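Take a look at the structure set out below.
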Amino acid sequence: MITDDTIICRCEDISYKDVVDAIDMGMSTVAEIKRAIRAGMGPCQGRTCGRLIAQIISQKTGKPIAEVWMPSFRPPLKTVPLKVLAGVDDVEVER
Amino acid sequence: MRITNHPILNFPEDRKRLTFVFNGKKILAFEGDSIASALHAAGYRMLSQSLKLHKPRGFFCAIGKCSSCEMEVDGVPNVKTCLEPVQEGMVVKSQLGWGTFPVRPKKRVYHRVKIPVKQVEVAVVGAGPAGLSAAIEAARHGARALLLDENHRIGGQLIKQTHMFFGSKEHYAKVRGIDIGTKLAEQCRDLAVEIAADCSVIGYFHPHELAAIEANRLLKVQAQKVIIACGASENMLSFEGNDLPGVYGAGGIQTLMNVYGVMPARRILMVGAGNIGVIVSYQLLQAGVDVVAVVEAAPTIGAYQVHASKLVRCGTPILTSHSIKQAYGVESVEGVTIVRLNENWEEIPGSEQELDVDAVCLAVGLNPAAELFFQAGCKMSFIPELGGNVVWHDENMQTSVEGLYVAGDVAGIEEASSAMLEGRLAGLSAVESLKTTTTVIQQQKEQIRQGLHALRTGPFGEKIRIGEKKMREANPA
């Protein structure tokens, strides 16, 4: 059973109530919720919560899931250490 | 706890032992363990703490998708410990939220990265049943194929499937999933398919360029045809306590017990009585775990009857019209409350029941990992019967982007048997458009289509048939 405190986005500690409040403020897609309260913006990039949020929006607004869940996935698809993209050499220095 | 006695698998005691340090404590591991599996074996399920509320976190998926397993390893934060192999002397620490940026007594000099470029005829993303089958067919018909997979061991989910497959002989009936994976991998090697394991594809760029990370280096792959067969991720369920360590996906449970030989729990509740829920419950019993009950929200059992009956004969009740209400515990699951549902799937007050378990396994469906197709700008549609957002594809498994093919669960959640057929179909179609078609290829494609049709007939195939029809009718824009 969902309660207000039930965690929906575990990366960012976003609860059911946080999501419902955002919907009440007028957010009506997964992408809007993400921008408003960071749900789905953590390291898993919404792989765990995206669908749950889509279901909540759909229940609250009556819109079909297909309309509220239009994810965009930009590269990189997973966390990448900066040194891989930037190219870095560690140099020993005197302190 | 380690599995010491298993009817199918063998985890020898004489494997090389390694030690590492976790939060100041010395932990024993076996060579081949991931950090998270070794910690589970030693009884540690809480790996880190969450960002704002500092709640306990432990992994859910064990395949690098849920990111709940991230820890600090040798000073570097946010390492996915479910994938990272243990190395002798490693220093592993729990992290709080995003962790802290490493401070090094070194000066860092940045430079422009030289990106190596690899050119191939056919690039296949994902080395599970579909990807392996696709690479085999492409290579068999003369294409230079490259197979990329983010995992250390190729085979995808087959490497943890200890059960025997159904269907006819050509669909590997009566062969265990683990053995099918080994066979397909051998065929790939015999056909000189270039295999890049531990290699994550992180982006798709037009035309048919893939960015990948291999051994902490960026790699660019230029291909004439691309086949994406990267599978699916597990669905989460909303209930109080769903973020506690000890709440696992069915795939995560299989990884722990069938790949690493670690007991995931002593007593467990299974949520979902579809094929995956019921098969994994049986595998849990084989590993020596007490499966206290299987709850299923629907009024009927979704799994094949032979699997469900086997479980019930072993004494595990399957409770239909039941759901999990709450999981509770301080650092990890210590118990759950289940509840009966009425015909409108609402909880019936007063029907709550406490169960003494130390873990919960969720087998509530899979979601196609369609990210790369979104990046490629393919026509997508949300089709519940196929598990979520799926990419439009034609009879040749080609998407709305020419030369980009799809196969397996990412094309719509189905079984490994159909994934292998879809993979072969995609491999043959890619090689056909790359080179030239032959009567042999055409005959094979026809046979495969008939095979897929056969797998999708009958009441169990109905959902897939409806989903496929919906997907086809969503015209590619």
Side-chain angles (χ1 to χ4, degrees), chain A residues 1-16 18-19 30 38 41-56 58-59 64-95, chain B residues 50-53 55 57 60-61 64-68 70 76 78 80 98 104-114 150 200-205 211 213 216-218 233 235-243 323-326 339 347 367 369-372 374-375 381-384 388-389:
Chain A
M1 187 180 71
I2 306 189
T3 62
D4 280 355
D5 295 334
T6 300
I7 293 293
I8 300 297
C9 165
R10 49 164 72 196
C11 298
E12 296 276 342
D13 274 344
I14 306 291
S15 70
Y16 176 69
D18 295 334
V19 176
V30 174
R38 292 194 57 90
M41 218 176 246
C44 93
Q45 289 288 293
R47 283 180 179 83
T48 317
C49 67
R51 192 190 195 96
L52 298 179
I53 294 171
Q55 283 163 354
I56 299 170
S58 176
Q59 276 163 14
I65 288 187
E67 272 179 38
V68 300
W69 196 23
M70 296 150 289
S72 52
F73 293 100
R74 294 175 190 88
L77 279 180
K78 61 189 279 187
T79 46
V80 176
L82 263 181
K83 66 177 179 189
V84 173
L85 301 174
V88 65
D89 296 319
D90 284 337
V91 183
E92 295 290 342
V93 284
E94 302 285 324
R95 283 227 154 184
Chain B
S50 70
L51 187 62
K52 289 187 277 186
L53 306 172
K55 296 180 88 171
R57 287 285 176 267
F60 171 71
C61 79
K65 306 231 187 262
C66 76
S67 306
S68 288
E70 294 188 344
V76 179
N78 301 319
K80 291 195 168 84
W98 291 334
R104 292 164 200 268
K106 287 176 181 173
K107 186 183 170 193
R108 315 211 87 179
V109 180
Y110 292 89
H111 57 82
R112 187 177 282 269
V113 193
K114 276 208 189 89
E150 64 181 347
S200 306
V201 173
I202 58 160
Y204 174 95
F205 301 89
I213 307 285
N216 270 335
R217 295 273 169 218
L218 201 53
S233 59
N235 284 341
M236 192 65 204
L237 195 65
S238 309
F239 58 91
E240 191 62 31
N242 65 356
D243 60 325
S323 184
I324 179 167
K325 186 184 171 87
Q326 189 192 6
V339 64
E347 296 180 2
N367 185 44
E371 293 95 335
L372 287 167
F374 278 103
Q375 285 185 2
S381 29
F382 179 83
I383 296 168
N389 282 312

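What you see is a predicted model; the values in this text were computed from it and never measured. Lettering follows sequence order; numbering is per chain, from 1. Reckoned from all heavy atoms, side chains included, excluding hydrogens, waters and symmetry mates.
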- prompt: What distance separates B:Asn367 CG from A:Arg51 CZ, expressed to the nearest 0.5 Å?
  reply: 5.0 Å
- prompt: Which pair of non-hydrogen atoms, one from B:Ser238 and one from A:Thr6, has the smallest distance, and what is that distance?
  reply: C-CG2, 4.3 Å
message: Angle between ring planes, B:Phe374 versus A:Phe73, binned at 30° and 60°: parallel, tilted or perpendicular?
response: tilted
- request: Give the minimum heavy-atom separation between B:Asn216 and A:Pro81, together with the two atoms involved.
  value: OD1-CG, 3.9 Å
statement: Distance col, row B:Asp243:CG vs A:Cys11:SG, nearest 0.5 angstrom, shows 11.0 Å
- request: Identify which of B:Asn389, B:Leu237, B:Ile213, B:Val339 forms the greatest number of heavy-atom pairs closer than 4.5 Å to chain A.
  value: B:Asn389
statement: Interface check, chain B: of A:Ala54, A:Ser72, A:Pro76, A:Gly42, most non-hydrogen pairs under 4.5 Å belong to A:Pro76
message: Is B:Lys80 in contact with chain A via its backbone, its side chain, both, or neither, using a 4.5 Å heavy-atom distance?
response: side chain
Polar side-chain atom of A:Glu12 near backbone of B:Leu51 as donor-acceptor pair, under 3.5 Å: no
- prompt: Which atoms of B:Glu371 come close to chain A, meaning under 4.5 Å heavy atom to heavy atom: side chain ones, backbone ones, both, or neither?
  reply: both
query: Under a 4.5 Å heavy-atom cut-off, does chain B meet the side chain of A:Ile56, its backbone, both or neither?
result: neither
query: With only heavy atoms counted, which part of A:Ile7 is less than 4.5 Å from chain B, the side chain, the backbone, both or neither?
result: both
- line: With chain A, the option among B:Leu218, B:Val201, B:Asn78, B:Ile324 that has the most non-hydrogen atom pairs under 4.5 Å is B:Leu218
- prompt: Quick one: OG on A:Ser15 to NZ on B:Lys52, what's the gap to the nearest 0.5 Å?
  reply: 8.5 Å
Portion of A:Ile2 that has a non-hydrogen atom of chain B nearer than 4.5 angstrom: both
query: When you measure from the side chain of A:Arg10 to the backbone N and O of B:Asn242, does any donor-acceptor pair fall under 3.5 Å?
result: yes
field: A:Asp13/B:Arg57 under side chain to side chain contact (heavy atoms under 4.5 Å, CB included): CA gap, chis, key distance, verdict
entry: CA-CA 11 Å; A:Asp13 274 344; B:Arg57 287 285 176 267; 2.9 Å; yes
query: Mind checking whether A:Pro75 and B:Phe205 have side chains closer than 4.5 Å, heavy atoms only?
result: yes
field: Separation of A:Thr79 OG1 from B:Glu70 CD (nearest 0.5 Å)
entry: 5.5 Å
field: A:Lys78 NZ to B:Ser200 OG distance, which is reported to the nearest 0.5 Å
entry: 3.0 Å
Engaged part of A:Ile14 at the chain B interface, taking heavy atoms whose separation is under 4.5 Å: side chain
query: In terms of heavy-atom pairs under 4.5 Å with chain A, which of B:Lys65, B:Glu150, B:Glu240, B:Lys325 leads?
result: B:Glu240
- line: From the list A:Arg47, A:Met1, A:Gln45, the residue making the most non-hydrogen contacts under 4.5 Å with chain B is A:Met1
field: Point-to-point distance, once rounded to the nearest 0.5 Å, from CD1 of B:Ile383 to CD1 of A:Ile65
entry: 13.5 Å
message: Looking only at heavy atoms and a cut-off of under 4.5 Å, which of B:Ser68, B:Gly203, B:Ser233 has the most pairs with chain A?
response: B:Ser68
